[in-house]
Amino acid sequence: MALLKNLIPHHSALSLVDNSTSLRQALQIHAHLLTSGAFTHDPSSFNSFLSSLALSSSPPLLSYSHFLLFTSPPQPPSFITVNSLIRAHSSAASDHGGLLGPAIHGVLTRFGCGTDRHVQSSLIHMYSSIGLVSHARVIFSDITDPDLVTITSMLTALTESGDVDSAREMFNEMSERDTVSWNAMIAGYVHLARSKDGLDLFGEMLNQGAKVNESTMVSVLTACAHLGALDQGTWVHAYIQKNRLKLNVTLGTSLIDMYSKCGSIERAMKVFWSMKEKNVFTWNSAINGLASNGATEECLELFELMERKGVVPDGVTFVGLLQGCCIAGLVQKGREMFSLMKDQYRIEPLHEHYGCMIDLYGRAGKLDEAVQFIHSMPIEPNVSAWRTLLHSCKMYNNVELGEYAMKEITNIEVNNDGAHVLLSNIYADNRIWKGVSSVRERMKERGVKKEPGCSVIEVHGVVHEFFVRGKSHPRYREIKLMLGEVDRRLRLAGYQANTKEVLFDIEEEDKEDALSWHSEKLAIAFGLVVLEDGVEIRIVKNLRVCWDCHHWTKFVSKTFDRKIVVRDRNRFHHFKDGLCSCKDYW
DNA sequence: ATAGGGTTAG
């Protein structure tokens, strides 16, 4: 006992989380106490020791904490210790198939440990993080008088399970709200790509005079990035400065992301260079932004700088780099990057990386190499790998290989809408009408529905969404008139619609009759109606731009003397004076 | 002498 007393000061020092040397000492002391029989069930040192094991986040030590609970039970651990244990197991859960969290919960329950508010919200969080909302609900429903924090945990658990509407109900019923609960609700919308709802709620938050913080702004900026809402994003940036919110790394990074996803790479880079503290997220945002905006050279240079600064790249960095190479058609450079990633940085390529490589070869017309690459993959190619190949077949009119890719896709997923549309289009391009009708028939039979094309344009801070035909928009009449006017002027300028694709272009959007317009044309026409002369038109589209729309937009940019920026599913197109920054390679 | 709850980026 005397020994233990002597050791206790060490013990406490050893509880410091970030000091692994101390932890090793703690274990030594503990082992010593056990072997010498001096280990008593002194509650405070027991609690302290368990906590330090928990805080180590080391899986073996977490297991050891289980063992201790089973084999040397003193009084039940305190709530604080229980909570440390649960939190530690919860954060380690993702590495172990989510088993550690429920395991420790089971152990503690059998041990007769009760819960308090802190433990309850940790449990809700833990079950939610491993996808067991139902368990989180059970915990929550057992609480008689949940407080603000506990409700927010449950609210977050609901949004994480995808049930943002139930979360909203819960949010509406809350008797009090604070910054964090508002943030949780906004973030919930944003994570589920309901960016507009997120921005609306943010507006409400401001109206009600709730206090915002950095987290709020990060979510709001993410929403702006998603929508391509540059005006609102710029407003948020100004708001941050005006209200002296701290531009921490996370916030700075989301600003970079917002600007680059809104096509304003210059402003993105301005923020990037102004940031004193940067981490791998920050670098990746900039690298990705440069890549998708077509600034491949700068993108590659920035990566070199990143390496020189000793920032270690991760898988996401290489997605950006490979996409950059792909967009610019730099096949050899792309290859080099791929081996750099594997050989030097020891990063295991994921489907996204393989996809980039297939795209890299395919877009460059090296279809054979693309196929060979797929065949050499150490992991099973997924639908998107084959679809990327299929897309190259569309670009280079390769019917036979396209059919092969389709066959492989069908083996994995029978009803892939994008693949059906692509194949039909390949047939159309090659005037194989039988093929076109058979694919269409199959789609009808199986009920394969194409994802509807949607284009978004922000006008004076308001986001407008357009779908094919656009009849739902209140100013549809004006838009239609403008489209007629555009049509006349473009014809005079020598524009000819690609009739082949007009009739059969169902690559990205259905074009069932000549009067149906792809959504980006509607959005651009709306921009021409409402935006002052000289103001850039910015469009965000959920699918890829089709050949005809791309051609049309080039003409509009010249004939109407407008800069037009289109962000499609993969990249940016900056149209100016009848030309596009992608140099018609996309 | 010592351990606790909800929101944020690529």
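Values below: every heavy atom of this structure, side chains too, minus hydrogens, waters and symmetry copies. Each chain gets a letter, A, B and so on, in the order the sequences are listed, and its residues count up from 1.
- Residue pairs meeting the ring-ring contact (aromatic ring centres under 6.0 Å, His included) criterion with at least one partner in residues 131-151 of chain A, sequence neighbours excluded, are Tyr127(A)-His135(A).
- Within the structure, the ring-ring contact (aromatic ring centres under 6.0 Å, His included) test picks out no pair touching residues 145-165 of chain A (sequence neighbours left out).
- Here ring-ring contact (aromatic ring centres under 6.0 Å, His included) pairs that include residues 274-298 of chain A, with residues two or more places apart or in two chains, are Phe272(A)-Trp283(A).
- Whole-Å rounding puts the Leu251(A) CG to dT7(B) C1' distance at 14 Å.
- In this entry the distance linking CZ of Phe79(A) with C1' of dT2(B) reads 18 Å, nearest Å.
- Rounded to an integer number of Å, the gap from NE2 of His125(A) to C1' of dG6(B) is 9 Å.
- If you take CG of Leu158(A) and P of dT7(B), they are 13 Å apart, rounded to a whole angstrom.
- Using cut-offs of 30° and 60° on the angle between ring planes, the pair Phe303(A) and Tyr345(A) is perpendicular.
- Within residues 295-321 of chain A, the residues having any heavy atom closer than 4.0 Å to DNA chain B are, in order of number, Asp314(A), Val316(A).
- The side chain of Thr250(A) lies closest to dA9(B), out of dA9(B), dG5(B), dT7(B).
- Within the structure, no pair that satisfies the ring-ring contact (aromatic ring centres under 6.0 Å, His included) test touches residues 187-213 of chain A, not counting sequence neighbours.
- Under 3.5 Å, the side chain of Thr156(A) and the base of dG6(B) form no donor-acceptor pair of N or O atoms.
- A donor-acceptor contact under 3.5 Å is formed by the side chain of Thr152(A) with the base of dG6(B).
- Whole-Å rounding puts the Phe140(A) CZ to dG6(B) P distance at 15 Å.
- Residue Ser78(A) places its side chain closer to dA3(B) than to any other of dG5(B), dA9(B), dA3(B).
- Among the nucleotides dG6(B), dA9(B), dA3(B), the one closest to the side chain of Leu148(A) is dG6(B).
- Interface remark: the Asp116(A) side chain does form a donor-acceptor pair with the dG4(B) base, using a distance-only criterion of under 3.5 Å.
- Using a 4.0 Å cut-off between a side-chain N of Lys or Arg and a carboxylate O of Asp or Glu, Glu204(A) and Arg177(A) do not qualify as a salt bridge.
- Looking at heavy-atom distances under 4.0 Å, Thr216(A) makes no contact with the nucleic acid at all.
- Close to dG6(B), at under 4.0 Å from its OP1 or OP2, lies no side-chain N or O of His118(A).
- Asn183(A) has its CG atom 11 Å from the P atom of dA9(B), to the nearest Å.
- Counting any heavy atom pair closer than 4.0 Å across all strands shown, Ser181(A) reaches a base atom.
- Between Arg177(A) and the phosphate of dG6(B), there is no side-chain N or O to OP1/OP2 separation shorter than 4.0 Å.
- A salt bridge is absent between Arg538(A) and Asp231(A): the closest approach of a Lys/Arg side-chain nitrogen to an acidic carboxylate oxygen does not fall below 4.0 angstrom.
- One atom, CD1 of Ile139(A), and another, P of dG6(B), lie 15 Å apart when rounded to the nearest Å.
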When the side chains of residues 349-356 of chain A are checked against the rest of the protein, which donor-acceptor pairs come out under 3.5 Å, sequence neighbours left out?
from, atom 1, to, atom 2, distance (Å)
His351(A), ND1, Asn382(A), ND2, 3.4
His353(A), ND1, Leu350(A), N, 2.9
His353(A), NE2, Gly315(A), O, 2.8

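- The phosphate of dA9(B) (OP1 or OP2) has a side-chain N or O of His191(A) nearer than 4.0 angstrom.
- The CD atom of Glu214(A) sits 13 Å away from the C1' atom of dA9(B) (whole-angstrom rounding).
- The base of dA9(B) is paired with the side chain of Asn279(A) by a donor and an acceptor separated by under 3.5 Å.
- Side chain Asp178(A) to base dG6(B): a donor-acceptor pair is found below 3.5 Å.
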